[in-house]
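Please read these numbers as outputs of a predicted model, since none were measured by experiment.
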Amino acid sequence: MKAIQIDHYGGLAAMQQRELPTPVPKADEVLVRVHCAGVNFMDVHTCEGKYANSQTYKVSLPCTLGMEGAGEIVALGQDVKDLTIGERVAWCIVWGSYAEYAAVPAWRCVKLPDALSFEMAAASLFHGLTAHYLAHDVGQLAPGRSCLIHAASGGIGQILVQLAKRAGARVFATTSTEEKAAVARARGADVVLLYENGRFADAVLEATGGLGVDVVFDPLGASTLRDSFRATRKRGLVVNFGAVAGAVRDLDPLELGEAGSLFLTRPRLADHLPDAATMRRRAADIFAALLDGSLQIDIAGRYTLANVAEALHALESRRMLGKPLLAIDH
Ligand SMILES: NC(=O)c1ccc[n+]([C@@H]2O[C@H](COP(=O)([O-])OP(=O)(O)OC[C@H]3O[C@@H](n4cnc5c(N)ncnc54)[C@H](OP(=O)(O)O)[C@@H]3O)[C@@H](O)[C@H]2O)c1
């Protein structure tokens with residue numbers, strides 16, 4: 001089968017298309033014929049070696065990239081009881097989806113409602129589950145609460161804005177350009193700001209009577225984190241869930257005290273999907289919202305195994321508005 005692999009860390013240049021044997025599922029895995037794979041920033045980070053020493057997201061080289069997909073089950077490991085051959089499923093945080101076939105742990109698979117396409121399943125699962133735990137479990141968003149969402153036109157950002165509004169929160173959002181700001185507005189953000197070298201924090205303070213928001217969701221890191229502190233109310237929460245602009249390596253906890261006794265967390269999806277029941281509960285909520293039209297996901301581009309590098313380069317260089325997808329040609 002065709003697959004996209006890295007055998008060393010060297011950025012996107014390390015990716016290669018290879019001909020590999022079709023995987024054989026282990027006892028607790030299913031073999032899936034992949035129809036669609038989500039293209040994610042996590043693949044960029046994986047190529048760069050950011051998970052080389054991670055215990056949460058273990059990467060072993062050679063690694064078939066792609067950690068989200070949708071397809072139909074074609075074989076079952078001997079211990080798999082609750083899935084059947086022919087069933088339509090989606091999965092995430094399992095590498096191996098940039099391939100014609102993937103062996104996926106059964107507990108990481110969610111069944112697809114008939115009305116949900118493979119495309120929409122692959123576009124929604126990873127970012128949808130992430131936005132779900134961020135909005136509900138970490139941010140505890142509810143009427144009367146306020147938040148600031150950075151990179152609001154991005155894959156997670158667009159979903160997070162919609163879940164935050166659904167939860168009743170007042171939503172501030174940031175983007176880098178007016179074109180992206182229009183996307184954040186269309187998704188329902190109440191106030192959309194440009195970063196303007198950190199001046200977004202002054203605008204948030206002004207709009208909140210000098211108080212700041214309850215929660216800031218920051219996937220950028222180095223370029224924004226300290227101004228995110230400024231935009232947060234006293235004893236509020238800063239959620240640094242990514243580092244697309246580089247990691248912050250010189251943070252003294254005293255800064256959190258000076259900024260108003262803030263709470264800072266660096267959460268990961270894997271720790272918010274501890275078991276199959278949690279995975280299915282979150283997925284059911286996201287899929288239901290997609291099917292009743294209350295959640296919208298923009299497909300930013302459709303690619304194939306042959307030109308996936310193009311999609312990842314566009315993500316890396318901030319040119320993507322929404323979610324890129326890979327259609328797997330068999
Ligand atoms: N912790 C978790 O559970 C979890 C789960 C999933 C993903 N993540 C992480 O969340 C981050 C965002 O992922 P995503 O897939 O949703 O990406 P994305 O939002 O589609 O793309 C990243 C966005 O970040 C903004 N950005 C700001 N500075 C950037 C820079 N220097 N380089 C590139 N983009 C920059 C860009 O929007 P503007 O141009 O508007 O700034 C861009 O659209 C990644 O670090 C990913 O690994 C974390």
Side-chain angles (χ1 to χ4, degrees), residues 1-5 17-40 42-43 46 51 56-130 132 269-288 290-291 304-305 308 325-330:
M1 67 165 192
K2 292 191 288 293
I4 303 292
Q5 280 203 327
Q17 182 168 318
R18 296 218 164 107
E19 200 57 46
L20 299 175
T22 301
V24 176
K26 297 193 189 104
D28 61 350
E29 291 179 339
V30 297
L31 181 68
V32 187
R33 186 172 191 265
V34 184
H35 282 249
C36 237
V39 178
N40 291 293
M42 197 162 169
D43 297 307
T46 305
Y51 304 107
T56 317
Y57 295 120
K58 288 196 171 100
V59 180
S60 52
L61 297 177
C63 171
T64 300
L65 295 170
M67 32 64 62
E68 167 181 46
E72 65 185 290
I73 296 176
V74 292
L76 301 172
Q78 65 197 29
D79 294 346
V80 177
K81 303 284 180 245
D82 57 347
L83 293 168
T84 54
I85 288 176
E87 248 172 341
R88 301 164 72 249
V89 291
W91 61 92
C92 66
I93 52 175
V94 181
W95 276 270
S97 310
Y98 291 178
E100 290 181 87
Y101 293 88
V104 182
W107 80 269
R108 289 259 192 233
C109 287
V110 292
K111 299 181 191 187
L112 302 188
D114 291 344
L116 193 74
S117 64
F118 286 129
E119 193 170 79
M120 206 28 86
S124 65
L125 197 64
F126 178 55
H127 283 165
L129 301 188
T130 300
H132 197 272
L269 176 61
D271 296 319
H272 290 267
L273 292 180
D275 50 39
T278 310
M279 176 121 190
R280 288 168 193 175
R281 172 177 59 80
R282 293 195 195 284
D285 195 12
I286 293 298
F287 291 165
L290 284 169
L291 290 175
T304 63
L305 285 174
V308 62
L325 276 188
L326 210 60
I328 309 293
D329 216 5
H330 286 268

For [Y], does its backbone N or O pair with a side-chain atom of [X] as donor and acceptor, under 3.5 Å?
X: T278; Y: P274; result: no
X: R108; Y: M279; result: no
X: Y57; Y: V94; result: no
X: H330; Y: V34; result: yes
X: Q78; Y: A27; result: no

**Message:** side chain to side chain donor-acceptor pair (under 3.5 Å) for T46 and D43? Distances and angles first, verdict last.
**Reply:** CA-CA 5 Å; T46 305; D43 297 307; 5.0 Å; no
**Message:** With side chain to side chain donor-acceptor pair (under 3.5 Å) as the criterion, how do S97 and W91 come out once you've worked through the C-alpha distance, each side chain's angles and the decisive distance to 0.1 Å?
**Reply:** CA-CA 9 Å; S97 310; W91 61 92; 2.9 Å; yes
**Check against salt bridge (charged side-chain N to carboxylate O under 4.0 Å, His left out), R280 and D82** = CA-CA 13 Å; R280 288 168 193 175; D82 57 347; 3.4 Å; yes
**Request:** Quick one: which residue pairs count as a side chain to side chain donor-acceptor pair (under 3.5 Å) with a foot in residues 24-39, not counting sequence neighbours?
**Result:**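 Qualifying pairs: H35-E72.
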**Salt-bridge criterion met for K2 and E19 (N-O under 4.0 Å)** =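 Looking at E19 together with K2, the answer is no, because their closest N to O distance does not fall below 4.0 Å.
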**Prompt:** Under the salt bridge (charged side-chain N to carboxylate O under 4.0 Å, His left out) test, which residues partner D114, sequence neighbours left out?
**Reply:**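 Scan of D114 (salt bridge (charged side-chain N to carboxylate O under 4.0 Å, His left out), adjacent residues dropped) gives none.
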**Test item: K58 and Y51 side chains (from C-beta on) under 4.5 Å apart, heavy atoms** =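 No; the side chains remain at least 4.5 Å from each other.
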**Request:** Measure across L31 and P23 and return the closest heavy-atom pair with its distance rounded to 0.1 Å.
**Result:**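 Scanning both residues, the minimum pair turns out to be CD1-O, 3.4 Å.
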**Request:** Would you name the heavy atoms of E100 and D329 that are closest together and state the gap between them?
**Result:**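 Looks like OE1-O, 3.8 Å.
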